[in-house]
Amino acid sequence: MGIYDHKKIEKKWQKQWERDGLYKACEDQRKEKCYVLDMFPYPSGDGLHVGHPKGYIATDIYSRFKKMSGFNILHPMGWDAFGLPAENFAIKNKVHPRVAVKKNIKRFKEQLRGIGFNYDWEREINTTDPKYYRWTQWVFLKMFEKGLAYESHEPINWCPSCQTGLANEDLDGNACERCGTIVEKRLMRQWILKITAYADRLLRDLDSLHWPESIKTSQRNWIGRSEGTEIDFKLVDVPGQKDGAHSVKVFTTRSDTLFGATFLAISAELAWKWIENGWQVDVEIKEYVEKTIAENAKRSFKEKEKTGIFSGVSAINPAHQEKIPVWIVNYVLGDVGTGAVMAVPAHDERDFEFAKKYQLPIRQVVAEKNVDIMGVGALIETKEGNFVFQKRGGNASTHPNTIALFGGGIEKNEDVFACVRRELEEELSLKLEMYHEINVIGDFESHNQPERYLKAFHVRNVDRNILELREGEAIVEMTLDDAEKNSHVTDFTKDVIRAFRNGINSAFVSPGILINSGKFDGMTSSEANDAITKFVGEKKTVVYKLRDWVFSRQRYWGEPIPIIHCEQCGIVPVPESDLPVMLPEVESYAPTGTGESPLADISEWVNVKCPKCSGQAKRETNTMPQWAGSSWYYLRYIDPRNESALVDKEKEKYWSPVDMYVGGAEHATRHLIYARFWHKFLYDIGVVNCAEPFARLEHVGLIAAEDGRKMSKRYGNVVNPDDIVATYGADTLRLYEMFMGPFDQGVRWSTDSIVGSRRFIERVWKLQEKISDDDEQSIEMAIHTTIKKVGGDIEQFGFNTAIAQMMILVNEMERVDSIGRRQYEILLTVLAPFAPYVVEDIWNGALGHLSSIHEESWPSYNEERMRATNVVITVQINGKVRDHFSMPADSSGEKVESEALAREGVQKWIAGKEIKRVIYVKNKIVSIVI
RNA sequence: GCCCGGGUGGCGGAAUUGGUAUACGCGCACGACUUAAAAUCGUGUCUUGAAAGAGAUGAGGGUUCGAUUCCCUCCCCGGGCACCA
């Protein structure tokens, strides 16, 4: 048998497979295809750490399994090599980024090869290859042609450290995602892609995708659809203008609260536009507007104090024609909606805060429908001498219109009523006034303090200031004023009344029943939303949070944007025949910081003839963002060397869409949105035949370092896969990474635990000794179970449980004296996707096969053979496990029940008791109720 | 604050149309082999209890013959979004 020498084995088969071209993909129309894709890496100078291959191992296993299941596989790999790290490295070390990238790719490839991946390297791509980025530029031209790429001069996010403009997607809060610097707003010329034109489809088509729900939710939030109404407010008191000559539009999702709009709040940016259009204002106002715009540019709005200034202008609320003031405020964003909102302090927290501060009127127009506030239960004294409030029954907290009042514990020695007061202050005093009708029921008693018995009471119709006090069956009605003076009313009840009278302390933002809204009173919020929209003569519209994609970067290492600026003709696209626009050589890669890229300095590249009029013209010097090349790369693998088209139509039709896509969840609102957008565009212009690029997505949980931190050179906690492969072998590394835990969950690396996977492989290796000509019948059930379980688990990405099942099978095989050759081959075959080297070596060595095990078919299983002849029946008495016994499988219920009742271990419990019920769960449980 | 996940032995984790909680692996303890150690193999390993038993899946409650699984209230951890009107 020889010893298991992973180094020798892995080297040998790696060469052999490459020589045989085992993993070459071709368009085999007879077979069903399966396109399995990894998010291609950015080849950094640090090389791979053990966290990187986790996703690649999964796709490798998946694609090998699908191949064995009869599918034609496409499983390629490539390099996303444009971007800042290579450029920064180049600036620092004075090497061309191209040189650094080439070197890094070589190293990455060697590392990946060592782990035994089945990539088809003939389809390798590189986004920085002019033959590749020619097509990235081509897509841009097509977008320009369709009006989806446009030049703009709006203020955008600017990273002062990276010295480039950024898209919203490149931010982490208000900081640059790349370097952590707080970004600024900067007015500059830029290229924009109109992704918002696809917002609706990007949202809608998510439903059809087999993706993790979390990623779909992230995208939904990012796109941020809200349905509402644009309402027109006529302006009055505008200096030098007739009343009603001007108006302002606001966007709201809560038309039902229109009657409660007591002022208008407009952004400083909108106010500035008014000033530019000739609005005459005081110096004070103008200064406020300028100051606020400057503050907004810093984007430091977090926890910012709300400020505002009365504009002097008023507006007419179209609901009731009352005059309301227009305030210029810092909490309304200029680039959201219309830049103006109707402020409804009673029902919006921000408007509420602002109205309180500037003493603007608060008018409640929505009320909660009949709510009971209850505290029902008993006070229990614990062993330790503390009092704990125990709720009695379930209805106190489960009734839909009920707020649980007394759920908390009572501090040691704390007065019961002090506890109640505390609860009131913390929870209720804030909200009480908002309820249309309130019942407060405190039925409160204590075991060991029976004298402290709190009478039930009941408050209703707060609007009318009437208190209904219920004592036993009798109900006494009195006004709140009278109640407060009445000596029969307990202090507790008086506390409740005071809480009512404290006034509104927060906004009531939930939907409810309309009040103070004329003929709309009594409607629900959703009914009123439609009715009031109609009443003021408006229609529903939709807005999105998604912003258009800022697509230009003022940096060197990216695809040049294929545009020419002509003095005569203006913006002229580079003709398709002139593509690619090659990225020129420069002396300095450093960013200029001027809003132009380093390309601007190369006059022989910049100065060109206009393709239209042949006059003086200049090239666009901005480059594309890193996300450009990755927005369509999966299409290029299908047809990587095509020079006349982005992808061949027939080939695309065969391979598209990607069947399985695996990568990190951090791309949820970046790459995965951009790629979907580009794909939909390519679908619209007929380049691709399906509306979505990635039919199924699985996300890989990150591997943290042993110390729990991120694996990074900086912390010195990086584990290099090369070392693990050298010490334990690639098969062990692969098995271990898949066995660590659920695939999509983050885990900590643990070098100590690897031995388990290594031992497993050695056990499989040793089983060679046990091969005989005859099958061992006692392990047949385990074999069939394993075939089914492993296949099913791979399909669902449950690799850890698949491996556990194979371990169970190996344990069984070790327990018996010999195993059939056929049985051992089945074990090797199901293990093949996980540990491709060792199984191939045994297959070709000890078993003497001439062809590769990776050309084998996935074994089939027989459900019949998975069924046990005898089953263990569990006896439960009143829900507790009391006994077990064995019975032939599928015995009749009567037989099993009588057997159960006759057993000594059961009789012990049921002797002399009445048996109320016996429940039999087939082949599992007899449950006896006494 | 809102929206997604998640909370199970010493550790990674298994088990969901409600049916024997802790599979599989790591670690640990003891034993065999060895002059010895490593490796390997075997046995044991949730807590408590002498035992019978009792208790335990973040906490509390509910539904059920039976709940890690379903419902309610709450706590904690991870992630996403966040003056988005």
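Throughout, protein chains are lettered first and strands after them, A, B, ... in sequence-line order, and every chain is numbered starting at 1. All figures in this text were calculated on a predicted structure; none of them were measured in a lab.
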Hey, is the main chain of A:Tyr728 close enough, under 3.5 Å, to the side chain of A:Arg758 for a donor-acceptor pair?
->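 Side chain of A:Arg758 to backbone of A:Tyr728, a donor-acceptor pair under 3.5 Å: yes, one is there.
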Anti or syn - B:rG42, cut at 90° from 0 =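 This nucleotide is in anti.
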Atom [atom1] of [X] and atom [atom2] of [N]: how far apart are they, to the nearest Å?
X: A:Ile3; N: B:rA39; atom1: CD1; atom2: C1'; result: 12 Å
X: A:Ile754; N: B:rG27; atom1: CD1; atom2: C1'; result: 15 Å
X: A:Asp744; N: B:rG6; atom1: CG; atom2: P; result: 9 Å
X: A:Arg758; N: B:rC24; atom1: CZ; atom2: P; result: 23 Å
X: A:Arg903; N: B:rU20; atom1: CZ; atom2: P; result: 18 Å
X: A:Met740; N: B:rA14; atom1: CE; atom2: P; result: 13 Å
X: A:Arg815; N: B:rU43; atom1: CZ; atom2: P; result: 8 Å
X: A:Glu737; N: B:rG13; atom1: CD; atom2: C1'; result: 17 Å

Which of the following nucleotides, [options], is nearest to the side chain of [X]?
X: A:Ser226; options: B:rA85, B:rC26, B:rG25; answer: B:rA85
X: A:Tyr331; options: B:rG12, B:rC83, B:rA85; answer: B:rC83
X: A:Arg763; options: B:rG13, B:rC41, B:rU20; answer: B:rC41
X: A:Val881; options: B:rA21, B:rU40, B:rA23; answer: B:rA21

Write down the partner of [N] under the Watson-Crick or G-U wobble criteria, each distance required to be under 3.5 Å.
N: B:rG1; result: B:rC81
N: B:rA15; result: none
N: B:rU43; result: B:rA29
N: B:rA37; result: none
N: B:rU64; result: none
N: B:rC74; result: B:rG58

Hey, which sits more toward the 5' end of RNA chain B by its nearest nucleotide, A:Trp909 or A:Ile877?
->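 Its nearest nucleotide lies further toward 5', so the answer is A:Trp909.
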Toward the 5' end of RNA chain B, which comes first, A:Arg547 or A:Thr217, by nearest nucleotide?
->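 Checking each residue's closest nucleotide, the 5'-ward one belongs to A:Thr217.
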Please determine whether a side-chain nitrogen or oxygen atom of [X] lies at a distance below 4.0 Å from atom OP1 or OP2 of [N].
X: A:Asn811; N: B:rG25; answer: yes
X: A:Lys880; N: B:rU20; answer: no
X: A:Asn800; N: B:rG25; answer: no
X: A:Thr874; N: B:rG19; answer: no
X: A:Lys908; N: B:rG53; answer: yes
X: A:Gln745; N: B:rG13; answer: yes
X: A:Arg917; N: B:rG66; answer: no

With heavy atoms under 4.0 Å as the rule, sort [X] into base, sugar-phosphate or nothing.
X: A:Ser927; answer: base
X: A:Ile919; answer: base
X: A:Arg759; answer: sugar-phosphate
X: A:Asp348; answer: nothing
X: A:Arg882; answer: sugar-phosphate
X: A:Val332; answer: base
X: A:Pro212; answer: nothing
X: A:Val341; answer: base
X: A:Glu762; answer: nothing

Geometric cation-pi criterion A:Lys306 and A:Phe354, 6.0 Å radius, 45° cone |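 Output no; distance or angle outside limits.
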Are [X] and [Y] within salt-bridge range, i.e. N to O under 4.0 Å?
X: A:Arg748; Y: A:Asp707; value: no
X: A:Lys766; Y: A:Glu762; value: no
X: A:Lys185; Y: A:Glu154; value: no
X: A:Glu227; Y: A:Arg225; value: yes

Is the closest side-chain donor-acceptor distance between A:Ser255 and A:Thr533 under 3.5 Å?
->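 Present: a donor and an acceptor within the cut-off.
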Polar side-chain contact [X]-[N] base: donor and acceptor under 3.5 Å:
X: A:Lys306; N: B:rC83; result: yes
X: A:Gln876; N: B:rG19; result: yes
X: A:Ser214; N: B:rC4; result: no

Quick one: do A:Tyr331 and A:Glu353 satisfy side-chain hydrogen bond (donor to acceptor under 3.5 Å, both in side chains)? Show the steps, please.
-> CA-CA 11 Å; A:Tyr331 73 93; A:Glu353 189 189 327; over 6 Å; no
Would you list the protein and nucleotides 78-81 of chain B atom pairs, both N or O, that sit under 3.5 Å from each other?
residue : atom : partner  : partner atom : Å
B:rC81  : O2'  : A:Lys545 : NZ           : 2.8

Test side-chain hydrogen bond (donor to acceptor under 3.5 Å, both in side chains) applied to A:Asn330 and A:Thr292, step by step | CA-CA 6 Å; A:Asn330 68 343; A:Thr292 306; over 6 Å; no
